[in-house]
Amino acid sequence: MDKAALASALGAPSGFGQSQFALTRGNAFEARVKADGGAELLRLVHARLDPGAEPPAGAAVPDLSAHGPEGRTARTALALREAVAAGGWTLLDHPMLALDVAGSLAFLEPDAVVVHPDGSWTVVEIKSFPMLDGSADPAKVGAAARQAAVYVLALEEVAARLGAQPEPAGAPARESAPAPRVRHRVLLVCPKDFSNLATASAVDVRKQRAVTARQLARLTRVEEIADALPEGVCFAPDRPAEELTAAVGAVPATYAPECLSACELAFHCRERSRAADAVARLGRPLRAELGGLTTVEDVLAAARGESGDPDDPAVAALRRAASLRAEALATAGRAVAPCP
C-alpha cells in the first residue's frame, strides 16, 4: 500500500523523506558522477576496489528501460548475464532488483551496479553528504551500508538464478557455469570536502548483510498477518477516515521515536501511543528497562509505592529515584526559604 497516501487520509500526513533541496542537490551530484558514460564512477571503482584489473575504458552502459517494475527487473537480469558473458567493464545505471520480503515482492533500485572484467558485481551508493578529510558522518555511512546490504542480498538472488539456468536446447553439453560473485565491499561515493568533486570509499557490508538476512528470515509472513485480520479490512486511501482508522488499528504496532525517521505512519502511531499512555513512545531503551510496566501511569504508581512488586528491579529503582527526587526538592525548598 501507499503508506504516505494512507497517512494523509488518516489526517496525520508525514514529513518523512528528504527535502526538495536535498533531492535536487543529490540528483545533480549523481548526474555529475555518472557523466560521460560513468567514466569518473568507473575510475573510482577501479581505484578503490579492483586496481589489478584492466583500466575501465569504453565501458558498456546497457539500456535498462522496460515496461513496469517486473519488466525492468527481467531486463536487469538479462543485462547482468550479457555483461558477464561479454567480459570487460559494464555500468548498470539504476537497475531494478526484486527481493522477497515476508512473502511480498519488493522492488529495489540501486544507484548503480558495476560488472568487473572477472564477472563479479559491485553495488555503488551515491550520497550527497560530504567526506571531510577522507571520512564521513558514521551514522550516515552506517545507514548507507545497511541500504547497500539489501541490494547485495537482492543481487545474490539474481546471481543464484543465473548460475542455475540450464543451457539452451541444442547447445553442447558442458559443466554448468558458477554463479557470478557479488562483492561484499560496496563503493560509497560522496562529495569531497565541501566541493562538488567526487571521492569514494570501499565499505564492507558483510555484517549488515548477515543481520538483514536474519531479520528477513524472522519476519512474519504477509499471509499470516492477513489471516489474523478481521474479514473485509481494507487500507485503500479513498475509504472513510473512520473505516481506515479501524483498519489500521487492527494491525498491532509499537511506536517509538525512531519511527519518525523511517515510517510514513509514524505521526498516526504516535497519537495512538499517546492516547494509550504507552511507555514505548519515550524510546525503546526505556521501555526495555521498565519490564512489565507498559504505561506511564503504571510507572508513576510503582514509583509512589501504590503498585508493583518491591522485589522487581525496575520497581525498586523507580522508588529509589522517587525518594531521591523528593529529598532533593525538600533540600532545595529549605535553601530558598525566606528569612524570618
Side-chain angles (χ1 to χ4, degrees), residues 1-27 30 68-69 72-73 94 96-111 125-129 137 139-140 142-151 153-154 208 211-212 215-216 218-226 228-230 232-276 278-285 287:
M1 67 177 129
D2 186 342
K3 290 204 295 182
L6 180 59
S8 298
L10 289 168
S14 173
F16 175 72
Q18 285 185 303
S19 68
Q20 191 61 42
F21 172 76
L23 287 172
T24 301
R25 185 180 63 169
N27 291 337
E30 181 177 338
R72 291 184 59 196
T73 301
H94 283 287
M96 182 68 74
L97 307 173
L99 183 67
D100 183 276
V101 180
S104 179
L105 203 60
F107 293 99
L108 313 170
E109 189 175 356
D111 291 328
E125 268 299 294
I126 303 174
K127 298 298 184 183
S128 58
F129 57 82
D137 183 343
K140 294 180 179 179
R146 290 189 294 272
Q147 181 180 352
V150 179
Y151 300 149
L153 281 171
Q208 291 84 354
V211 170
T212 303
Q215 290 174 336
L216 289 174
R218 294 168 56 188
L219 284 178
T220 305
R221 303 285 295 181
V222 172
E223 298 85 357
E224 298 175 26
I225 297 174
L229 294 176
V233 166
C234 180
F235 301 100
D238 57 356
R239 298 277 180 164
E242 298 79 8
E243 183 179 337
L244 281 178
T245 301
V248 174
V251 182
T254 302
Y255 168 80
E258 295 88 340
C259 297
L260 291 171
S261 62
C263 180
E264 294 87 344
L265 288 172
F267 289 112
H268 174 75
C269 292
R270 183 174 65 178
E271 291 304 315
R272 289 173 56 187
S273 182
R274 287 173 175 173
V279 170
R281 74 178 191 270
L282 303 177
R284 291 193 178 96
R287 172 69 187 87

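Reckoned from all heavy atoms, side chains included, excluding hydrogens, waters and symmetry mates.
When side chains are defined from C-beta on, Leu260 counts as touching Tyr255, because their heavy atoms get closer than 4.5 Å. In this structure, the side chains of Met96 and Leu108 stay at 4.5 Å or more apart for every pair of heavy atoms. At least one side-chain heavy atom of Leu99 sits under 4.5 Å from a side-chain heavy atom of Leu216. Looking at heavy atoms from C-beta onward, Val150 lies out of side-chain contact with Arg146 at the 4.5 angstrom threshold. Using a 4.5 Å heavy-atom cutoff, the side chains of Phe107 and Arg72 are not in contact.
Between the NE2 atom in His268 and the CG atom in Leu6 there is a gap of 8.0 Å [rounded to 0.5 Å]. In this structure, Asp238 CG and Glu243 CD are separated by 9.0 Å, a value rounded to the nearest 0.5 Å. To the nearest 0.5 Å, the span separating CD on Gln147 from NZ on Lys127 amounts to 3.5 Å. Here the SG-CZ distance, from Cys259 to Arg284, works out to 5.0 Å after rounding to the nearest 0.5 Å. Rounded to the nearest 0.5 angstrom, Arg272 CZ and Thr254 OG1 are separated by 9.5 Å. Atom-to-atom distance recorded for Leu153:CG and Asp100:CG is 12.0 Å, nearest 0.5 angstrom.
Annotation: side chain to side chain contact (heavy atoms under 4.5 Å, CB included) contacts of Ala250 (sequence neighbours excluded): Leu229, Pro230.
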